[in-house]
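Working notes, beginning with the structure itself.
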Amino acid sequence: MSLTMNRNDVLLLIGFTIVVFAAPFIFTPIGAGYPDLLQKFAIFGIFALGFNILFGLTGYLSFGHAAFLGVGSYTAVWSFKLLSMNPLPAIFFAILLGGLFSAVIGYISLRRSGIYFSILTLAFAQMCYNLAYSVLTPITNGETGLQLDQSDPRILDTAAGIDYGAALPVSNFFGIDMNSTVETTLFGQTLQFNSGYYFCAVLLILCFFISMRIFRSPFGLMLRAVKSNQNRMSYTGLNTKPYALAAFIISGMYAGLAGGLMAVTDPLAGAERMQWTASGEVVLMTILGGAGTLLGPVIGAGVIKYFENIFSSFNEGILMQAYSFLPETLQHALVSISSLFVGEGWHLTLGALFMLIVIFLPGGLMEGFRRIRTGISRLMGGGKSGKASDRASAAAE
Amino acid sequence: MSILSVKNVNKNFGGLKALNNVNLTVDAGTVHAIIGPNGAGKSTLLNCFIGRLEPDTGTVTFDGTSLLGIEPHEINQIGVSRVFQTPEIFGELSLVDNVMIPAFAKRDGIFTLNAWRQIKTETAIRDKAMVMLEDVGLAAKAGDIAGQLSRGDKRRLELAMCLVQDPKLLLLDEPTAGMARADTNNTIDLMKTIAQRGVTMVVIEHDMHVVFSLADKISVLAQGTVIVEDMPENIKGNPKVQEAYLGGAHL
């Protein structure tokens, strides 16, 4: 393996693995170290990684990927109900169904490109949402959402003689409950190590590795060619359609896995997961982090989920405290302005942040990091080497 | 030996007869130029070779296979490469990637899901691409982004992309259109080198200078019909050509 991978890629993978595994240490000081949020980081990281294979490489902007997320969740919950509380069959079927749905939706939507493709995917996703919400109530339990029940058959668990008794069962990986958390105190911080998070973390690292392999493969090069010039591609003897469809299906499988993991960490599935806002969110994550870069989408997912968490938890009381050093009139004025951007209104913050990124850093946060790195190397080694490393890092993306 | 034969091709657009009973034979290993005034049907004819247009009647046969009714990528896979009027390259990718893509297409066919292989280990393909870039004089820029090249360099790159596939037939649609004089001369020299290697070429052109220094045979198209097909030295003096192409003026 070391022979076929760049040294930089190996380092990136090792670094990524360390950060993901050490997440409770790293994120607790900034108030993001609790299991619920870390799980979201990992799950939406996977979702965005997959979306990036489609959007970042081929340039096809899907507005319907939440449909596959929802399909993954429903499938996983059904796997818990019918087969076993073990997450392995749940995510296996979530990936499979995500792939099947994306094959059908992708096949039809990819007959068009550009805005028409986006609209088609959006329409399909809204159809899925409405089906899940009302028509398919026997399968999806409609408005209430699909939940576990004590009386579920769970064929495999019953065959293996596992009895959950009167309590509602918890998803468990060969006996390790997905909601179990070990707490320790280090330097005065309470660190929480959650088994559900680590289950997602292992899959996130695996997904990152697969994404890296795809980026550096001839297939990945063809996907970039789809984005760059489809006309030249077909006159070069390549059929563009199966390449785009393969990318669509792979990203659908990532979304299915992400949806499945949502159900693994919290075994219920609702139709709202398929709504267009969820599809839009993954677009924002990818662009914010840097579409077409390896690491960008994961960072974008983390940043959005972190801000959602921080800003939506602020309320007027906290703001009053924050501005308490100011004269009272000014304090009230500032609070009434800032309160628009927090709590329920945190989307306003997200929108402003997104606008700033798109205008000043069209390549997303990854471009920002690159600029900083070039700036530093220019300061260190003069203009010439700075330019060379700029080109090298641009090529590395 | 003929490699491309066009027989009795007709194409109408509404009431306009764009191609009127066109017959054409291209011999293997030669450079065949198709010239004619604007609106003579040159581009229409070329589009019939590459699956973009379907003639109303007639046949277009390449190396024993009909080119009609098959997709552009299939036409390329049987050995026909094409250079466009405006260079069509992968502008966001590096030069070496641009040349590796057609090399992969040649080796792996129209679609391969080789997502687990790594480009880094494809040394044979990379070496081949580098040799081609060397041949067209772009090896020093191999890592640059293709979109930033000059018009002339883009054309060189596009030629490298076609040549890496070892095409049996290379179609060039006004290869020097919109180029500065220096770029034009460089491109002609490059095409001569390619021709000397025995690559069969069909060149569509209206720049006489380009055609006469390059072609083995010239077909003159006027109002959708081939009026003369002859050696370059005989074309210049032909009164029919002067009449149709130059409106009677002397060359």
Side-chain angles (χ1 to χ4, degrees), chain A residues 1-10 53 56-59 209-247 249-251 253 291-292 363 388 390-397, chain B residues 50-52 71-84 86-94 96-122 125-126 142-147 157-158 161-162 164-165 167 171 173:
Chain A
M1 197 168 77
S2 59
L3 272 175
T4 64
M5 281 175 74
N6 284 324
R7 209 173 63 95
N8 285 346
D9 283 355
V10 175
I53 289 172
L57 292 182
T58 71
F209 177 58
I210 292 171
S211 165
M212 185 183 256
R213 294 286 300 201
I214 292 174
F215 266 60
R216 309 286 187 242
S217 71
F219 173 73
L221 182 61
M222 297 308 171
L223 298 186
R224 287 178 221 262
V226 169
K227 182 180 186 176
S228 183
N229 190 339
Q230 292 207 25
N231 194 33
R232 173 35 90 193
M233 213 176 155
S234 55
Y235 285 102
T236 296
L238 294 160
N239 195 353
T240 58
K241 283 282 156 343
Y243 280 105
L245 182 61
I249 294 172
I250 291 170
S251 70
M253 289 164 83
D390 187 18
R391 192 177 294 166
S393 59
E397 292 310 331
Chain B
I50 49 142
R52 208 179 245 185
E71 296 281 327
H73 57 260
E74 294 168 313
I75 292 180
N76 175 280
Q77 286 288 349
I78 59 173
V80 181
S81 281
R82 175 172 184 187
V83 166
F84 289 80
T86 321
E88 290 268 1
I89 54 171
F90 302 110
E92 291 82 4
L93 305 183
S94 71
V96 66
D97 282 347
N98 265 273
V99 187
M100 282 170 78
I101 290 168
F104 279 124
K106 168 87 175 175
R107 191 192 69 186
D108 299 338
I110 55 169
F111 172 71
T112 315
L113 189 66
N114 43 5
W116 206 248
R117 283 179 97 115
Q118 296 292 281
I119 291 179
K120 205 186 162 218
T121 59
E122 303 275 9
I125 295 275
R126 183 176 294 271
D144 290 6
I145 298 301
L157 175 62
E158 203 186 21
M161 291 163 75
C162 290
V164 79
Q165 297 189 313
L171 302 173
D173 189 1

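Below, chains carry the letters A, B, ... as their sequence lines are ordered, and counting in each starts from 1.
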Requested in this report: Please check if the side chain of A/Arg216 supplies one atom and the backbone of B/Gln118 the other of a donor-acceptor pair under 3.5 Å.
Outcome: no
Report task. Mind ranking B/Gly109, B/Ala105, B/Ala115 by heavy-atom pairs under 4.5 Å with chain A and telling me who comes out on top? Result -> B/Ala115
Report task. For A/Ser228 and B/Gly91, work out which heavy atoms get closest and say how close. Result -> OG-N, 3.2 Å
Query raised in the report: Do B/Asn114 and A/Phe219 touch side chain to side chain, with heavy atoms closer than 4.5 Å?
Result: yes
Report task. Looking only at non-hydrogen atoms, find the nearest pair between A/Asn6 and B/Lys120 and report the distance. Result -> OD1-CD, 3.5 Å
Requested in this report: Show the numbers, then the answer: is there a side chain to side chain contact (heavy atoms under 4.5 Å, CB included) between B/Phe84 and A/Arg232?
Outcome: CA-CA 9 Å; B/Phe84 289 80; A/Arg232 173 35 90 193; 3.8 Å; yes
Report summary line: Highest number of heavy-atom pairs under 4.5 Å with chain B among A/Asn231, A/Leu238, A/Thr240, A/Ile214 belongs to A/Leu238
**Report entry** Engaged part of B/Ile89 at the chain A interface, taking heavy atoms whose separation is under 4.5 Å
**Finding:** backbone
Query raised in the report: Under 3.5 Å, side chain of A/Tyr243 to main-chain N/O of B/Thr112, donor-acceptor pair present?
Result: yes
Report task. Could you tell me which portion of A/Ile210 (side chain, backbone, both or neither) has an atom closer than 4.5 angstrom to a non-hydrogen atom of chain B? Result -> both
**Report entry** Engaged part of B/Glu92 at the chain A interface, taking heavy atoms whose separation is under 4.5 Å
**Finding:** both
Report summary line: Only one of A/Leu221, A/Asn229, A/Val226 passes side-chain contact (heavy atoms from CB on, under 4.5 Å) with B/Phe90, and that residue is A/Asn229
Requested in this report: May I ask you to name which of B/Met100, B/Met161, B/Arg117, B/Glu74 has the most heavy-atom pairs under 4.5 Å with chain A?
Outcome: B/Arg117
Report task. Start with the C-alpha gap between A/Met222 and B/Phe104, add the side-chain angles, then the distance that decides, and say whether side chain to side chain contact (heavy atoms under 4.5 Å, CB included) holds. Result -> CA-CA 9 Å; A/Met222 297 308 171; B/Phe104 279 124; 3.3 Å; yes
Query raised in the report: Does some side-chain heavy atom of A/Thr236 sit less than 4.5 Å from a side-chain heavy atom of B/Gln165?
Result: yes
Query - Structural part of B/Val83 lying under 4.5 Å from a heavy atom of chain A - result: backbone
Requested in this report: Identify which of A/Ala246, A/Ser234, A/Ser217, A/Ala225 forms the greatest number of heavy-atom pairs closer than 4.5 Å to chain B.
Outcome: A/Ser217
